[in-house]
Amino acid sequence: MDLPRLLNPEQIAAVTFGDGPQLVLAGAGSGKTRVITHRIAWLIAERGVEPYRIAAVTFTNKAAGEMRERVDRLLGLPEGARSEVFVGTFHRFALRLLRRYGERVGVSPGFSILDTQDQLALMKRAIEDEDLDPSTVTPRAVLSAVSDAKNRLIGPGRFASEASGFFETRAARAFHRYQKLLRQANGVDFDDMIALAVQLLEQEEVLRQRMQRRLRYLLVDEFQDTNFAQLRLVELAIGAGGSLTAVGDEDQSIYRWRGAELDNILRFEDAFPGATVHKLERNYRSTQNILDASGALVSNNEQRRGKRLWTDHGPGERIALHYAGDEGDEARWIAARMRQLHDSYTWTEMAILVRTNAQTRALEDELLRQRIPYSLVAGVRFYERAEIKDLVAYLRVLRNPRDNLSLRRILNQPPRGIGKATAQALFEEAEAMGSALWDALRFARLRGVSQRGRSALLRFRELIEQLRTLAATQDLPTVLQEVIEATGYARLLSKDDADAQARLENVREFLSAAQEFNEDAGATDLPALVGSIGALEAPPRRDPDPGDDEEDGDDASPLGPEEDSDPLTMFLDYVSLVSDIDGLQTDAGVSVMTLHSAKGLEFPVVFVAGLEDGLLPHFNSQAPEELEEERRLLYVGMTRAERRLHLTSCSRRRIAGRYQDQEPSPFLPELPEAQLEITESAARMPRYDSRLTGVHSFFGDRTSAAPAPRPTPSSLGVAPASASRGRTSPLAPAPNPGVAVRPQMSVRHPTLGRGVVLAVEGDGDSAKITVFFDRSGKRRLLAKYAGLEPG
DNA sequence: TGTTCGCTTGTTTTT
DNA sequence: CAAGCGAACA
């Protein structure tokens, strides 16, 4: 391999690093995928490492797919051939282990994977079953606590023993019940996947040893996004004798809320003593202006190791910062600017990035109106649409009879005469029998169910049994087709209102996804969709003990990947693990997506919209660590741009249907003015004159200590006094009149009763108030909705 | 039993 | 503004 021709010296150092742990701090656009893929190829070609001894783990299927393709190309494999290097996501890695050895940690082979919606539904039931008040112990809050716990490998038992205070003690009960219901249904949630894989490797010594003996080189991408459990999984998989290459960038860590531990990268050497650290600071993506501006921004963060990116691309254009009126005006400006740039760039070379999915609506409207082709990442995610979830639920019930959650979902969908009363009787009977709903359906006597209800249940049972028989012999598309027909779903969607038509279209798309999946899976090598994990561990064995030790030499026996999973399970796993970004059509016009989904992507022309206080940083993320993460989020957005970067900010915006005055993001003053070119929309309504009220423009604030001349407000956008935000505009909603809430104050809430204010973050309508209520403990409220009164 | 209507409620990011 | 929920109606 002619590395000097392909890579810069820093990259070469990381690629040709010998054995032991290394951390590669790879700045945005510094070629980290290049480093990972070349290292894999180098290990194989130059060091003679067998491919199955190498694994690369990423966070998205898309990243994994690209990586795999590049590795295979570097290795000079013929078109379509795949090396035995494992390339896949953390979740797929864990899932693979669980599909094989899950029984050792309490899940049976056909287990179902719950998505967020399923989890919420299950948690609601858990809270109900525990007779907790869902308005104080909200399913969302408990779920978030449970997720945190699982990410830190804390189970219901330890959670309960460490719980203190009103909320936690109740959450502990809900957690316990939730987990019980989950396992009863033979289900696993997202966080369980990692946690159970860890448990499996910790507890099954022989399996762990075999894994460690086999796997010598592990490369982990986006290391800054790993959580505690994932770090543990990495340690267990690689063992003391293997070599870990962790690649990441602390400035691009944007998943704290999902448990990502920044310390995993900041304090890498603590977990892996003697680790070598390489820094990649040469950027191949952006202009120097973009690097300087984004670098200046992120240098305001405390939590970083620090690096300085450089490029030989030259300064390039300045960054356009535009102040718009409202979101419609913002969208028009962006669209107009895109039209101008379309002379030199194709639509697909442009992207609009936003903080929240809700922002895409106005943008979409305008792009539609102007007939600018675009593709939206996310929105309502395909596999979360009700009609798709219904069909998936049918498939799950076929595969996993104990899946009570899915069974409940489809029991009367489409409507088949199993009403509330009938369903309730069935649930109670199952409860009394202590068995799964499906078994109750088969054996229960169903007292007190009407004749109609009884026969409806019977028909449903026969339907499922018949489909299950079919599933045992027919291929996936055939089964799905039959599900659609036999269940009456086809009829349900054959109405000709627009809504039914759209849903039918989705169902068709789902069916064709199944067909495609089926064809790919039938080929000798793996479907690109799925990603291989086969080579990793010992071959599957039908005897229940993977532990007995006769496998000398099985190191060299690569496994037909996934061959021990049936196609239906593989398809369901695929459906559970695809993400929005995986389906991004880069050839379908302008891309519109959230900042989170944009990570890892790059575009010649980038717009980051909605740079307003409360949106970016989001009003829900105001704690110091959260604020730093919001800053990183903007940093990630800015560094997606290759040549032209635009930032926009509105003076008012519709939020939840009401116009709200907005202030420019506090991050804007952190950008060096030298790199900016600022414009303001005519539609931007002047509010009031800062000179009269003695309020600084936000740029002025930086230099407010000195009476230095500052840029004129009209060119920079005027920021009104924060204390009076939302009160001066006739368009603003009526604020809580006259109630200035401050800490220590005693207040009364219309439904939550009396409490004491603990903290106030922000101000005006978007202020977030933390109150400790006598009855329900600590709650965070939005001032706009709180309706608090002194008391 | 199934559908529709009006009410309340509450807002981030996603493997 | 929307989603979600319960109650009233067909």
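Only a predicted model underlies this, so the values are computations on that prediction, with no experimental measurement involved. Reminder, nothing fancy here: chain letters follow the sequence lines and each chain counts from 1.
Remark: Arg658(A) is not in phosphate contact with dG10(B), judged by side-chain N or O atoms under 4.0 Å from OP1 or OP2. OP1 or OP2 of dG2(B) has at least one side-chain nitrogen or oxygen of Asn412(A) nearer than 4.0 Å. The side chain of Ser597(A) contributes an N or O atom lying less than 4.0 Å from OP1 or OP2 of dT14(B). Within the 4.0 Å cut-off from OP1 or OP2 of dT15(B), not a single side-chain nitrogen or oxygen of Asn151(A) is found. Side-chain N/O atoms of Ser621(A) include none lying less than 4.0 angstrom from OP1 or OP2 on dT13(B). Under 4.0 angstrom from either OP1 or OP2 of dA2(C) there lies at least one side-chain N or O belonging to Arg361(A). For the OP1/OP2 pair of dT13(B) and a distance below 4.0 Å, the side-chain nitrogens and oxygens of Asn620(A) include no atom meeting the criterion. Applying the 4.0 Å criterion to OP1 and OP2 of dT13(B), one finds that Arg258(A) has every side-chain N and O outside that range.
Residue His618(A) has its side chain nearest to dT12(B) when only dT12(B), dT14(B), dG2(B) are considered. When each of dT1(B), dG2(B), dT15(B) is scored by its nearest atom to the side-chain atoms of Thr422(A), the top-ranked nucleotide is dT1(B). Among the nucleotides dG4(C), dT14(B), dT15(B), the one closest to any side-chain atom of His91(A) is dT15(B). Residue Phe190(A) has its side chain nearest to dT15(B) when only dT13(B), dT15(B), dG2(B) are considered. Ranking dT15(B), dT13(B), dC5(C) by closeness to the Lys124(A) side chain, first place goes to dC5(C). The nucleotide whose nearest atom lies closest to any side-chain atom of Ala421(A) is, among dG2(B), dT1(B), dT12(B), dT1(B). Of the candidate nucleotides dT13(B), dG2(B), dC1(C), dC1(C) has the atom lying nearest to any side-chain atom of Arg654(A). Looking at the side chain of Thr594(A), the nearest of the listed nucleotides dT15(B), dT12(B), dT14(B) is dT14(B).
Between Arg361(A) and Glu364(A), no side-chain nitrogen of the basic residue sits less than 4.0 Å from a carboxylate oxygen of the acidic one, so the salt-bridge criterion is not met. We find that Asp249(A) and Lys32(A) are not joined by a salt bridge, their nearest charged nitrogen and carboxylate oxygen being 4.0 Å or further apart. Asp192(A) and Lys150(A) are joined by a salt bridge, as a carboxylate oxygen and a charged side-chain nitrogen come within less than 4.0 angstrom of each other.
Going from atom CG of Asn61(A) over to atom P of dT15(B) covers 9 Å, rounded to whole Å.
Rounded to whole Å, the separation between the P atoms of dG4(C) and dT13(B) comes to 14 Å.
The nucleotide dT12(B) finds no pairing partner, because no Watson-Crick or G-U wobble arrangement with both distances shorter than 3.5 Å includes it.
With centroids closer than 5.5 Å and planes inclined by less than 30 degrees as the test, Phe59(A) and the base of dT15(B) fail to qualify as a stacked pair.
Here the CE-CG distance, from Met570(A) to Leu572(A), works out to 11.0 Å after rounding to the nearest 0.5 Å. Between the CZ atom in Phe460(A) and the CD1 atom in Ile418(A) there is a gap of 6.0 Å [rounded to 0.5 Å].
Using a 4.0 Å heavy-atom distance criterion, Arg416(A) is classed as a sugar-phosphate-only contact.
Under a cutoff of 6.0 Å and an axis angle of 45°, Arg99(A) and Phe111(A) form a cation-pi pair.
Closest-nucleotide positions on DNA chain B for Leu633(A) and Gly419(A) were compared, and the one nearer the 5' end corresponds to Gly419(A).
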